[in-house]
Structure formats: C-alpha cells, structure tokens
2 protein chains.
Amino acid sequence: MARTVFEKADAVALVAEVFRELGYEGATLSRITERTGLGKGSLYHFFPGGKEAMAAEVLAHVDGWFAANVFRPLEQDEPRLAIAWMWNTIDEYFRSGRSICLVGTFSLDATRDRFAGAIRGYFTRWIAALQQALIRAGTEAEAAGRQAEAVVIQLQGALVLSRALHDETVFARTLRRLAAELPR
Amino acid sequence: MARTVFEKADAVALVAEVFRELGYEGATLSRITERTGLGKGSLYHFFPGGKEAMAAEVLAHVDGWFAANVFRPLEQDEPRLAIAWMWNTIDEYFRSGRSICLVGTFSLDATRDRFAGAIRGYFTRWIAALQQALIRAGTEAEAAGRQAEAVVIQLQGALVLSRALHDETVFARTLRRLAAELPR
DNA sequence: GTCTATACAGTGATAGAC
DNA sequence: GTCTATCACTGTATAGAC
C-alpha cells in the first residue's frame, strides 16, 4: 500500500474536521487515525503534545482563518463591503449549516475550560470587529455593540438548530434575515 | 459512613446535571459516580441499559419538564401571559446562562445521531408551541413561524456565547431584547 | 515521516456479597 | 439498593525499526 506523506498544514486541517464533527471528547485517537488516514506515529510526530496540542493547534488554525477572511476585512475594508463579504464567507465556511463551529462545540462542555483563552479571544474579536465595521458604516456605538453580539449569537444558534433538526435551510434563512437587518 | 438512598427520580436529576456539564462523551461513568455520589451498582440498578439509557432518560426528563413548564402553557394558556411566563421560566432554568441546554450540547457532536428523535422533537415542539402562541396573539402565521424559530435560535446562541465568554450578562441581555421584540 | 508493538490507566459493564 | 471486585476493551502515549 502506497504511503501518503503529509505536511503539518494538511495534518491540522484533517484533524480539525474530526474535532469539528465529534467534539473534543468524542474525537479519540483511534477515530482521528481512522478518519484522517494518519497513523499514531505521524500524529505524535506532528503534535508531540498529544491530543491537547492537536486541539490547540486546530483552534489556532481556525482563528487564523477567521482573522484573515472575516476579522481583518471587517476591521480594515470598506464596512458595507466587508459585511456583505462576511455573509458569503460564513455561508461557505459552514457549508450552509451542514458543518458547525468548532469553537462553539468546545464552548458547551468542559472543553471550554481547557481552551478558555482561545475560545474567548475568537468570539470577542469577532464581535469587536463587526461592531467597528457597523460604527464605520454609521451605526451609533452602543447599538453597534448590541447588534454585533446579536449577529454572532444568531449564527451560533442557527448552527445548533440546523444540526438538531437536520435542516440546512435554518442556517441559510438566518443568514438572509441578518443580512436584511444590517447596513448594506 | 451513612448510606444515602435515592429514588429513581433523584438519580435522573443528578445524572442530568453531569451530562449537561460534561456532554455525552465527557460524562464517563467514573465522573458520574464521583459527582452524583451514586455507585456503579446503583446506577446500573436504575439504568439497566447503561450510559445510553441514562442519557435517554435524562433527555425524556428534560422534555417532560419543558412540556409542563413551557410548551403546554404556550399551547393552551393566554398567549401573551404564556410568553411572558416563558421568559422568566427560561431565565431561571438556565440560571441566567450559567447552566446550558442539554439538548443543544447533544446536538453539536455525534451524540445527535444517537438521540436524533428526542432532539428533533424537543426543538420542533418548542418552535411550534411558540408559533401557535404568537398566532393567537395576533401575529400572521408565516411571520409567527419565522419569529418563533428566531427566538429558539437566539436562546441557544446566547447560551453558547455566555459560556464561551464566561459572561452571564449575555444571556440576560438577549432575553430582554427578545421580550421587547415579541407581543406583550 | 510512517509503521508496529506495547505500556498502562481508564472505559462501560457485570456478578455476587451484604 | 448499594458496595466491591473484576471483566474485556479502548483510551492516550511512548519506543524503536525502517
């Protein structure tokens, strides 16, 4: 059988998907091995810190992706454009609700305490970035804060409900509703 | 050491709390034993079906509680009164966001597939009950459906964010915002 | 970098004494 | 009903060959 050689970046992306689907506790090493095709040897070569290091790197990877594709545009680009861009990016990223938010999953059980800093950082930056964009688009500061928080809440909630009902239309519908409520 | 004798109802309530805090995979038998004070002997006496039966009964218990305290009032009582009652009940139940939704937690990882029916039933009945109340309060049917779904989404999302940020005010703020948007 | 073999604690579950 | 002892198995992690 042909050996497949991975780079670390590939490994992180593959492992991320397993954590996303199964949660931290549900993602056992054997399931990670089985779903990624990476043997234990490879996994511990890439992540000498073991399972906790895998999850930490995966969180950092997700945060980096959002920083580049969502947070920075909101912070720096033309605000209405960045907000419109966010709806599309988010819809693609969560595959219209079929995939879910790894950070959200980690928030709900005791995994939160293991990665408290990374989890808090992700959400606070998202809310702050969106608030700034709204302010620059002409919204009053306090209202912008409330609105930004409400958007993140509804995205997370829509992911929960989408998955609970096996119904992708929930997420798409929520995105459309939010887009209509915010400055365009 | 004094032996404490439990009834099954006590056992279900105690076990529920462990699943809520740790999730299905995180709630190992030893952690359940340690946090409830119930030995394995007692647990398997109450739940011959093992861990999966524990979670199933816990889900049924949660559903029963919501049926009595949230769904039936929405379905049968004066709608504006039932909606006002819901905000208070929910706030207490989730201890203002410090506690989270067991059904929501189970929705996000592979646990969903284990209890798909119970999970879907809980959310569909909640949304349908709220939609009916809104219709009886004078809202047009389709708008009532959208609004009911949005409320459940935002409650779930607020629980995620509350926990992620260690910030209870998120949940309280969301409840107030929702209460202001719905008929009173 | 990937594999195999292996350590050893922890997993869900059962049986029998009280 | 509750306890203790124990089962077979899976959990994370490590070591060494290639």
Side-chain angles (χ1 to χ4, degrees), chain A residues 1-59 61 102 105-106 109-115, chain B residues 1-59 61 102 105-106 109-115:
Chain A
M1 169 157 162
R3 275 193 341 171
T4 316
V5 178
F6 292 98
E7 308 232 331
K8 176 147 180 184
D10 303 323
V12 171
L14 286 168
V15 171
E17 195 50 32
V18 184
F19 278 118
R20 208 191 312 279
E21 281 176 29
L22 305 179
Y24 184 78
E25 300 282 357
T28 64
L29 284 195
S30 64
R31 284 201 262 247
I32 294 175
T33 299
E34 149 195 322
R35 297 194 184 208
T36 60
L38 291 154
K40 282 188 198 180
S42 309
L43 285 170
Y44 277 89
H45 167 72
F46 287 128
F47 310 98
K51 185 175 160 175
E52 183 150 3
M54 293 177 210
E57 295 220 39
V58 159
L59 275 173
H61 176 256
L102 182 112
T105 318
F106 280 13
D109 59 27
T111 311
R112 175 197 63 167
D113 304 317
R114 230 186 253 266
F115 306 105
Chain B
M1 160 142 171
R3 277 193 343 172
T4 317
V5 179
F6 292 98
E7 310 230 329
K8 175 148 182 183
D10 303 322
V12 171
L14 286 168
V15 171
E17 196 50 31
V18 185
F19 278 119
R20 209 192 310 280
E21 283 177 25
L22 305 179
Y24 184 78
E25 301 281 357
T28 64
L29 282 197
S30 62
R31 284 202 261 249
I32 294 174
T33 300
E34 148 196 322
R35 299 196 181 207
T36 61
L38 291 154
K40 281 189 198 182
S42 308
L43 285 170
Y44 277 89
H45 167 70
F46 288 128
F47 309 99
K51 186 175 162 176
E52 184 149 3
M54 295 177 210
E57 294 219 40
V58 160
L59 275 172
H61 177 257
L102 184 110
T105 317
F106 281 13
D109 60 26
T111 311
R112 174 195 63 167
D113 304 317
R114 230 185 255 266
F115 306 107

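Below, each value reflects all heavy atoms present in this structure, side chains not excepted, and no hydrogens, waters or symmetry copies. Convention: sequence-line order gives letters A, B, ...; per-chain numbering from 1.
- Closest to the side chain of A:L29, from the set D:dA13, C:dT11, C:dA13, is D:dA13.
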| message | Pair B:R20, B:T105 - check side-chain contact (heavy atoms from CB on, under 4.5 Å), show working. | response | CA-CA 7 Å; B:R20 209 192 310 280; B:T105 317; 5.6 Å; no
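- Across D:dA13, C:dT11, D:dG1, the shortest atom-to-atom separation from the side chain of B:H45 is found for D:dG1.
- Among the protein residues, A:G41 comes within range of the nucleic acid bases, having at least one heavy atom under 4.0 Å from a base atom.
- DNA chain C lies under 4.0 Å from at least one heavy atom of each of the following residues of residues 47-58 of chain B: B:G50, B:K51.
- Computed from C1' positions of five pairs at each end, the angle between the two local axes of the helix from C:dG1-D:dC18 to C:dC18-D:dG1 equals 10°, rounded to 10 degrees.
- Of the candidate nucleotides C:dG12, D:dG11, D:dA13, C:dG12 has the atom lying nearest to any side-chain atom of B:K40.
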| field | Trace of the side-chain contact (heavy atoms from CB on, under 4.5 Å) decision for B:Y24 with B:V58 | value | CA-CA 11 Å; B:Y24 184 78; B:V58 160; over 6 Å; no
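- Separating the CG atom of B:L38 from the P atom of D:dC3 is a distance of 8 Å, rounded to the nearest angstrom.
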| Yes or no on side-chain contact (heavy atoms from CB on, under 4.5 Å) for B:F46 and B:V15, after CA distance, side-chain angles and deciding distance? | CA-CA 11 Å; B:F46 288 128; B:V15 171; over 6 Å; no
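- The CG atom of B:D10 sits 6.0 Å away from the CD atom of B:E7 when rounded to the nearest 0.5 Å.
- With A:M54 as the fixed residue, the side chain to side chain contact (heavy atoms under 4.5 Å, CB included) test singles out one of A:L59, A:V12, A:V18, A:L29: A:L29.
- Residue B:T28 has a polar side-chain atom (N or O) positioned under 4.0 Å from OP1 or OP2 of C:dT11.
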| request: For side-chain contact (heavy atoms from CB on, under 4.5 Å), just list the numbers for A:E52 and A:F47, CA-CA rounded to whole Å, side-chain angles, deciding distance to a tenth of an Å, and then say yes or no. | output: CA-CA 9 Å; A:E52 183 150 3; A:F47 310 98; over 6 Å; no
